[in-house]
There are 2 protein chains.
Amino acid sequence: MNLLLLEPEELATDGVVRLSGRRAQHAREVLRVAVGQPLRVGVWRGAIGTGEVVSSDGDSLVLHVALTEPPPRRPGVDVLLALPRPKALKKVIPSLSALGVDRVVLLNAARVEKSYFDSKVLAPDSLGGLVRLGLEQARDTCPPEILIRERFRPFVEDELAAMFPGGQRLIAHPTAQRSVREVAGAGERRLLVAIGPEGGWVPFELELLGAQGFEGFSLGARILRVETAVPYVLGALVGGRG
Amino acid sequence: MNLLLLEPEELATDGVVRLSGRRAQHAREVLRVAVGQPLRVGVWRGAIGTGEVVSSDGDSLVLHVALTEPPPRRPGVDVLLALPRPKALKKVIPSLSALGVDRVVLLNAARVEKSYFDSKVLAPDSLGGLVRLGLEQARDTCPPEILIRERFRPFVEDELAAMFPGGQRLIAHPTAQRSVREVAGAGERRLLVAIGPEGGWVPFELELLGAQGFEGFSLGARILRVETAVPYVLGALVGGRG
C-alpha cells in the first residue's frame with residue numbers, strides 16, 4: 001500500500017481522520033507507523049497529500065491530513081478486454097487500475113469460456129477491492145469504471161460507438177500487418193484498445209470491430225499471457241507519453 | 001503451452017519424436033490431441049515448426065516433426081533487475097522469458113530484502129522451469145541467461161562494463177526528468193534497462209549506475225508492482241519495434 005485511500009466523508013473539516021480496520025492495521029503492522037510520521041494519503045476521486053500520524057492506539061489510527069496535489073495524470077486510455085480466466089482477472093484488474101485506465105469493458109468472445117462469467121471475481125465487491133489495490137499501489141485516487149458485457153455483437157454494434165465517441169480505436173492481433181509505431185498516434189488523442197483472448201479473436205469478431213474503426217496492430221509473433229500482454233500493450237501505446 | 005519444446009537429442013534424423021511425462025500428458029489432457037493433428041513444436045535454442053501426431057497411447061506421444069521457421073525475433077534487450085520478492089519473481093521470470101529478453105541480472109540493492117537471496121525460487125532447476133514456461137507461452141526456443149549477483153557495487157563497478165559492452169543503458173526512476181520518448185533510441189541499438197525495487201534505488205545506487213552511463217527516465221508518478229512494471233517498461237522501450 002503506497003497510498004492510504006480515504007473516503008471524502010472520513011475527512012473532517014479540520015483535516016483530522018480517524019481510521020480503524022484494514023487500513024489502520026496495515027499502517028501499524030506493515031508500515032509500522034510512529035506518531036509524527038507522514039503517510040501518503042489520498043481522497044477517493046480527489047487530491048493526494050500527506051497524513052501525519054497524530055496517534056496510533058489499539059485498532060485506531062488518527063491522522064492530520066494535508067491534501068497538496070492532484071492525483072497522477074491519466075494516459076487517456078480505455079480498454080476492451082476479452083474476459084480472461086478468473087485467476088488472471090485477479091491480476092489484470094489491479095494492473096489496469098494502477099496504470100490509470102479510465103474504462104474497462106470485460107467482453108465475451110468466441111474463445112472466452114462461458115463459465116468465466118459466473119466467477120465470483122466479477123461480483124461488484126470483488127472488482128471494487130481489486131480496483132482499490134491498484135490505486136493504493138499506484139498512488140492514484142480515481143478508479144476505472146468496469147463494465148461487463150456478456151454478448152459481443154450487441155455491445156459492439158449498438159453500444160460501443162456511443163460509449164466511446166471519437167478517439168483512436170486499436171486492436172492487438174498477432175497477424176495484423178502494422179506495428180505499434182505505424183498506428184500509434186503522435187499525440188494526446190484518446191485511445192480505445194481491444195485486447196483479445198489468448199487464442200486470439202475469430203474472423204467474425206475482427207470484422208465487426210473493424211467495421212467500428214478498430215485498426216489492427218501486431219506486437220510480433222510472441223503470444224503473451226494476458227497479465228503480461230496488458231501492461232506490455234499499454235506501455236507500447238502510451239508509455240512514451242509519460 | 002503454445003509450443004512443445006524438444007531437446008535436440010530427442011529428435012531422430014527421420015523427424016520422429018517419442019515423448020512421455022509432462023509434455024505427453026499436457027498434449028493429451030489439455031490439448032486433447034488426436035492422431036493426425038498438428039502441434040506447434042520447437043527445438044531448444046533452435047527452429048520451430050509443426051509436429052503431426054502419429055500416435056498417442058498411454059503415456060507415450062509420437063510426433064512427426066517438420067521444422068520450418070526460425071524462432072521469433074528478439075528485441076535486443078537485457079535487464080538488470082533488483083531481486084523482487086520470491087512470489088513476484090515467479091511471475092517475472094516467465095514474463096521476461098516470454099518477452100525475449102536475452103540476459104537478466106538479478107541484483108541486490110539497498111531496498112531488496114537480504115532473505116530473498118535464500119529463496120528456493122533461485123535454484124537453477126526452479127529458474128529453468130520458469131524460463132521454460134515463458135518460452136512455451138511465447139512460442140520461443142531461446143532462453144534468457146539468468147545471473148544472480150548478491151553484491152551490488154562489485155557487479156556494477158567491475159563486471160557490468162565487460163558483460164554489456166556498447167548499447168544504450170537506461171534506468172527507470174520515478175524522479176528522472178526525461179520521459180521514455182526523450183531517451184528511447186530510434187533504432188535497433190541494444191538496450192540494457194535497470195529496473196529498481198518497488199521502493200526505488202537509493203542515491204548511492206543511482207550514482208554508481210550513472211557513472212556507468214545509465215540515463216534515467218521516468219514513466220510518470222505511478223508506482224507499479226514489479227510484475228506490471230517489467231512488461232510496461234519493455235513495452236514502452238521496445239514495443240514499438242515489433
Side-chain angles (χ1 to χ4, degrees), chain A residues 1-3 40 48 69-75 88 91-92 94-100 133-140 172 174 176 178-184 186 198-200 217-242, chain B residues 1-3 40 48 69-75 88 91-92 94-100 133-140 172 174 176 178-184 186 198-200 217-242:
Chain A
M1 199 194 283
N2 296 311
L3 181 88
R40 282 269 190 177
I48 61 175
E69 298 166 58
R73 64 178 281 291
R74 310 186 71 74
K91 296 172 193 157
V92 167
S95 174
L96 288 162
S97 167
L99 290 165
L133 281 180
L135 297 178
E136 291 170 346
Q137 167 67 39
R139 291 191 180 154
D140 194 1
R178 294 191 294 169
S179 70
V180 167
R181 198 174 283 163
E182 290 165 297
V183 296
E198 263 187 43
F217 70 97
S218 166
L219 290 161
R222 298 171 183 279
I223 303 174
L224 302 175
R225 297 183 81 120
V226 63
E227 305 93 298
T228 304
V230 163
Y232 188 75
V233 166
L234 292 178
L237 292 173
V238 300
R241 295 184 181 177
Chain B
M1 199 195 283
N2 297 310
L3 181 88
R40 282 271 190 174
I48 61 175
E69 298 167 56
R73 65 177 282 292
R74 310 186 71 75
K91 296 173 192 156
V92 167
S95 174
L96 288 162
S97 168
L99 290 165
L133 281 180
L135 297 179
E136 291 171 344
Q137 168 67 38
R139 291 192 180 152
D140 194 1
R178 295 191 293 168
S179 70
V180 168
R181 197 175 283 162
E182 289 164 297
V183 296
E198 262 188 43
F217 70 96
S218 166
L219 291 161
R222 298 171 183 278
I223 302 174
L224 302 175
R225 297 183 82 120
V226 64
E227 305 92 299
T228 305
V230 164
Y232 187 76
V233 167
L234 292 178
L237 292 173
V238 300
R241 294 185 181 178

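Convention: sequence-line order gives letters A, B, ...; per-chain numbering from 1. Since the model is a prediction, treat every value here as computed from it, not as a measurement.
- Considering only residues two or more places apart in sequence or on other chains, Arg74(B) meets the side chain to side chain contact (heavy atoms under 4.5 Å, CB included) condition with Arg222(A), Asp102(B), Asp140(B), Cys142(B).
- Interface remark: of the candidates Pro71(B), Ala221(B), Pro94(B), Ser95(B), Ser95(B) forms the most heavy-atom pairs closer than 4.5 Å to chain A.
- Of the residues Leu234(B), Val230(B), Thr228(B), Leu99(B), the one that meets the side chain to side chain contact (heavy atoms under 4.5 Å, CB included) test with Thr228(A) is Leu99(B).
- For Ile223(A), the side chain to side chain contact (heavy atoms under 4.5 Å, CB included) test picks out Asn2(B), Gln137(B), Arg139(B), with sequence neighbours left out.
- Here the closest non-hydrogen pair linking Gly239(B) and Ala236(A) is CA-CB, 3.9 Å.
- Looking at Glu198(A), the atoms closer than 4.5 Å to chain B (heavy atoms on both sides) all sit in the side chain, from C-beta outward.
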